Amino acid sequence: MVVVMMRAITLTLQRDGSSDAFFASKNLNLRFMKTIFKSISLALLFVLPSFSISAEAQSYTDYNKRELLLHVLDQSRPNDYIPVFFNIHFKDHEGWKAVQSHIEWFRQTHVDFVNVKYEYFPVIQPVKDVKDWKTIKPFDNSVWDEQLLVVRELKRELGDEALIIPTVFSPLRVLIQTAGSQLSSDKEGRRKFVELIRKDPKAIRPALEAVTQSLIYYIREARKAGADGFYISSQGDDLEEFGGGVFADIIKPYDIQLSQVAAEVAPFNILHICETGGTFTPETFNDYLDYPGSVVNPPLHNWKDKSLSLKDINKLFNRPVLGGLKQRGALYTGTIEEAKAEVDAILQDAPANFIFGADDSLPNDSDPEKIRQLVDYIHTWRQTHKR
């Protein structure tokens, strides 16, 4: 009630200029006192009739997106409002252009948190042979300045409305970028480095350590800059890359450090199990059960033989799941009605506590308007489809 009253006062002062008069004089004049009285009266007129019932039940319209997303973590009750997360890789990587791209995406699509999808391209420290891994050094801290600026500005612009959740790429991915294959689309370059790592997995430990320490520095500084949590990406456990022993013994110890630091400093973190074109088995997911994280975002459409459902993964990890949709499903290739039909099928069997999303980033040329229509449809799905 107090918040509503204060908002009414603030809006009135902004409208009639009374705030200028207030700060120009040490004494409240009569006109200003009348303004306050009118504002409070107006606020009470709207608040008092509903106050007695608000203590019993509140609808999703009573909360902002920060609160609605945090409600998903309470697994003692289902979330009637279904938050949605879709993201893309923005073409703008620096300064206000990068900030504006994120703001426009949030506003246009109505998604429920701000994922800082900033593309970091480290200076290449060339690796041509196994012995070259030891030449990889931690990055100078200044390389993060531009990304931290983006986090800070997004917090200032949108932090009162939604959680600010930067992506943190896996040590393995950043290491491969640092070694010379900087683009995700460079499949052949990545394959060459994967083969080099397989040749002598233990040789990459010093390089992974150097990269991990730099990423930990970024996580801590991003939190200071306003990040509410992190979208922590893990790579390498699909069957076509490392899977099993190499992942568990060599890659995972550095990988999990990022999730542990994020859990230490921030209240809302997403474990993103990223695929690079490979496939998974249900057993693969056992490698991730001891990772910290408020929510898990698995690759649901990259199974070899037997698969797991959303409810299976929710039960396995004992935490809310983010996902459900293919990256290039009907939302990208079909009509809005076809996309809604896909959503219906997913939500009919979704866990009680759930965030709707995709396995990974949507294609960069996805239509924001169609996404907005689908997001609005998902938000109220559990109210409009009650049985």
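Please read all numbers here as calculations on a predicted model, not as lab measurements. In what follows, every heavy atom counts, from backbone to side chain, and hydrogens, waters and symmetry copies are set aside.
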| query | Do Asp365 and Tyr332 have a side chain donor and acceptor closer than 3.5 Å? | reply | yes

| field | Asn87 and Tyr231: side chain donor to acceptor below 3.5 Å | value | no

| task | Using a strict 4.0 Å threshold on nitrogen-to-oxygen distance, state whether Arg66 and Asp228 make a salt bridge. | result | yes

| request: Indicate whether any N or O donor in one side chain lies under 3.5 Å from an N or O acceptor in the other, for Thr167 and Asn115. | output: yes

| message | Run Arg382 and Lys386 through side-chain contact (heavy atoms from CB on, under 4.5 Å) and show every step you take. | response | CA-CA 6 Å; Arg382 282 181 171 161; Lys386 286 185 177 179; 5.9 Å; no

| Under a 4.5 Å cut-off applied to non-hydrogen side-chain atoms, are Asp92 and Gln100 in contact? | no

| task | Could you tell me whether Asp359 and Lys326 make a salt bridge, using a distance below 4.0 angstrom between a side-chain N and a carboxylate O? | result | no

| task | Examine distances only and state if a side-chain atom of Trp133 and a backbone atom of Leu208 form a donor-acceptor pair shorter than 3.5 Å. | result | no

| field | Centroid-centroid under 6.0 Å between Phe247 and Tyr288 rings | value | yes

| Is there a chain of hydrophobic side chains (I, L, V, M, F, W, Y, each step under 4.5 Å between heavy atoms) that links Leu68 to Leu70? | no

| task | Could you grab the distance from atom CD of Gln327 to atom CG of Asn302, nearest 0.5 Å is fine? | result | 7.5 Å

| message | If I compare all heavy atoms of Ser259 with all of Pro292, which pair ends up nearest, and what's the gap? | response | CB-CD, 3.7 Å

| remark: So SG of Cys274 and CD1 of Ile232: to nearest 0.5 Å the spacing works out to 13.0 Å

| request: Indicate if Val116 and Ile88 have the same hydrophobic cluster label, given that clusters are the connected sets of ILVMFWY residues with side-chain heavy-atom separations under 4.5 angstrom. | output: yes

| request: Indicate yes or no: at least one non-hydrogen side-chain atom of Glu241 is less than 4.5 angstrom from one of Thr276. | output: yes

| task | State plainly whether the residues Glu104 and Arg107 are in salt-bridge range, i.e. N to O under 4.0 Å. | result | no

| query | If you measure from CG on Asn269 to CD1 on Ile219, what distance do you get to the nearest 0.5 Å? | reply | 8.0 Å

| query | Taking side chain as C-beta onward, heavy atoms only, is Phe280 less than 4.5 Å from Ile273? | reply | yes

| Short side-chain to backbone donor-acceptor contact, Glu240 and Thr279, under 3.5 Å | yes

| field | Student check: side-chain heavy atoms of Asn353 and Asn314 closer than 4.5 Å | value | no

| message | Within the 4.5 Å heavy-atom criterion, are Arg223 and Glu264 side-chain neighbours or not? | response | no

| query | Would Arg198 and Glu195 count as a salt bridge (Lys or Arg N to Asp or Glu O under 4.0 Å) if you check the C-alpha gap in whole Å, the side-chain angles of each, and the deciding distance to 0.1 Å? | reply | CA-CA 5 Å; Arg198 282 175 174 166; Glu195 290 303 317; 2.7 Å; yes

| field | Lys65 side chain to Val111 backbone, donor-acceptor under 3.5 Å | value | yes

| said: Using 0.5 Å steps for rounding, measure from the CG atom of Leu271 to the CZ atom of Phe317. | reply: 6.0 Å

| query | Between NZ of Lys340 and CG of Leu374, what distance do you get to the nearest 0.5 Å? | reply | 8.0 Å

| Is there a donor-acceptor pair closer than 3.5 Å between any side-chain N or O of Glu146 and the backbone N or O of Gly95? | yes

| message | Distance alone, cut at 3.5 Å: any donor-acceptor contact between the side chains of Asp186 and Ser181? | response | yes

| message | Pairing donors with acceptors under 3.5 angstrom, does anything connect the side chains of Asp344 and Trp381? | response | yes

| said: If you apply the rule side-chain contact (heavy atoms from CB on, under 4.5 Å), what do you find for Leu308 with Leu300, and how did you get there? | reply: CA-CA 7 Å; Leu308 294 175; Leu300 279 176; 5.6 Å; no

| said: Are Leu322 and Leu316 connected into the same hydrophobic cluster when the rule is that any two of I, L, V, M, F, W, Y join if their side-chain heavy atoms are below 4.5 Å apart? | reply: no

| request: List the atom of Ala207, the atom of Leu175, and the distance in Å for their closest heavy-atom pair. | output: CB-CD1, 3.5 Å

| request: May I ask you to check if Lys252 and Phe242 form a cation-pi contact, with NZ or CZ under 6.0 angstrom from the six-membered ring centre and within 45° of the axis? | output: no

| remark: Nearest heavy-atom contact between Pro166 and Tyr218 is CB-OH, 3.5 Å

| field | Side chain proximity check, His379 to Ile82, heavy atoms < 4.5 angstrom | value | no

| query | When you check the side-chain N and O atoms of Asp132 and Thr135, is any donor under 3.5 Å from an acceptor? | reply | no

| message | Let me check something: do Ile355 and Tyr377 share a hydrophobic cluster, defined by ILVMFWY side-chain heavy atoms less than 4.5 Å apart, either directly or through other members? | response | no

| query | Donor-acceptor pair, Lys370 side chain versus Leu331 backbone, under 3.5 Å? | reply | yes

| Quick one: does NZ or CZ of Lys117 land under 6.0 Å from the six-membered ring centre of Phe90, within 45 degrees of the ring axis? | no

| request: Mind running side-chain hydrogen bond (donor to acceptor under 3.5 Å, both in side chains) on Asp255 and Ser234 for me, showing each step along the way? | output: CA-CA 7 Å; Asp255 204 25; Ser234 174; 2.4 Å; yes

| query | With no hydrogens and no angle check, is any side-chain donor or acceptor of Ser366 less than 3.5 Å from a backbone partner on Leu362? | reply | no

| Does the side chain of Phe268 reach to within under 4.5 Å of the side chain of Phe230, using non-hydrogen atoms? | no

| request: Ignoring hydrogens and angles, state whether a donor on the side chain of His71 or Asn79 is under 3.5 Å from an acceptor on the partner side chain. | output: no

| request: Determine, stepwise, if the pair Phe285 / Trp303 fulfils ring pair (Phe, Tyr, Trp, His ring centres under 6.0 Å). | output: CA-CA 11 Å; Phe285 282 80; Trp303 297 104; 5.1 Å; yes

| field | Rounded distance (nearest 0.5 Å) linking atom CD1 of Ile251 with atom CG of Leu172 | value | 5.0 Å

| task | Specify whether Phe139 and Trp144 have parallel, tilted or perpendicular ring planes, treating 30° as the upper limit for parallel and 60° as the lower limit for perpendicular. | result | tilted

| request: Any chance you could lay out the side-chain contact (heavy atoms from CB on, under 4.5 Å) test for Val168 and Ser233, step after step, and finish with the verdict? | output: CA-CA 6 Å; Val168 179; Ser233 178; over 6 Å; no

| field | Exam field: side chain Asp237 to backbone Glu275, donor-acceptor pair closer than 3.5 Å | value | no

| Hey, does Pro320 have a side-chain heavy atom less than 4.5 Å from the side chain of Gln75? | yes

| task | Indicate, with yes or no, if Ile165 and Leu258 share a hydrophobic cluster defined by side-chain heavy-atom contacts under 4.5 Å among Ile, Leu, Val, Met, Phe, Trp and Tyr. | result | no

| said: Hydrogens and angles aside, do Asp112 and Tyr81 bring a side-chain donor and acceptor to less than 3.5 Å of each other? | reply: yes

| query | Is any NZ, NE, NH1 or NH2 atom of the basic residue among Asp312 and Lys315 found under 4.0 Å from an Asp or Glu carboxylate oxygen of the other? | reply | no

| When you measure from the side chain of Glu67 to the backbone N and O of Asn64, does any donor-acceptor pair fall under 3.5 Å? | yes

| field | Residues Val295, Arg319; criterion side-chain contact (heavy atoms from CB on, under 4.5 Å); working and verdict | value | CA-CA 6 Å; Val295 176; Arg319 66 189 89 170; 5.9 Å; no

| field | Centroid-centroid distance, Phe113 to Phe85, less than 6.0 Å | value | yes

| Can any side-chain N or O of Glu338 pair as donor or acceptor with the backbone N or O of Thr335 at less than 3.5 Å? | yes

| field | Main-chain N/O of Phe106 paired with His110 side-chain donor or acceptor, under 3.5 Å | value | no

| In terms of side-chain heavy atoms, does Arg190 have a donor or acceptor partner in Gln235 at a distance below 3.5 Å? | yes

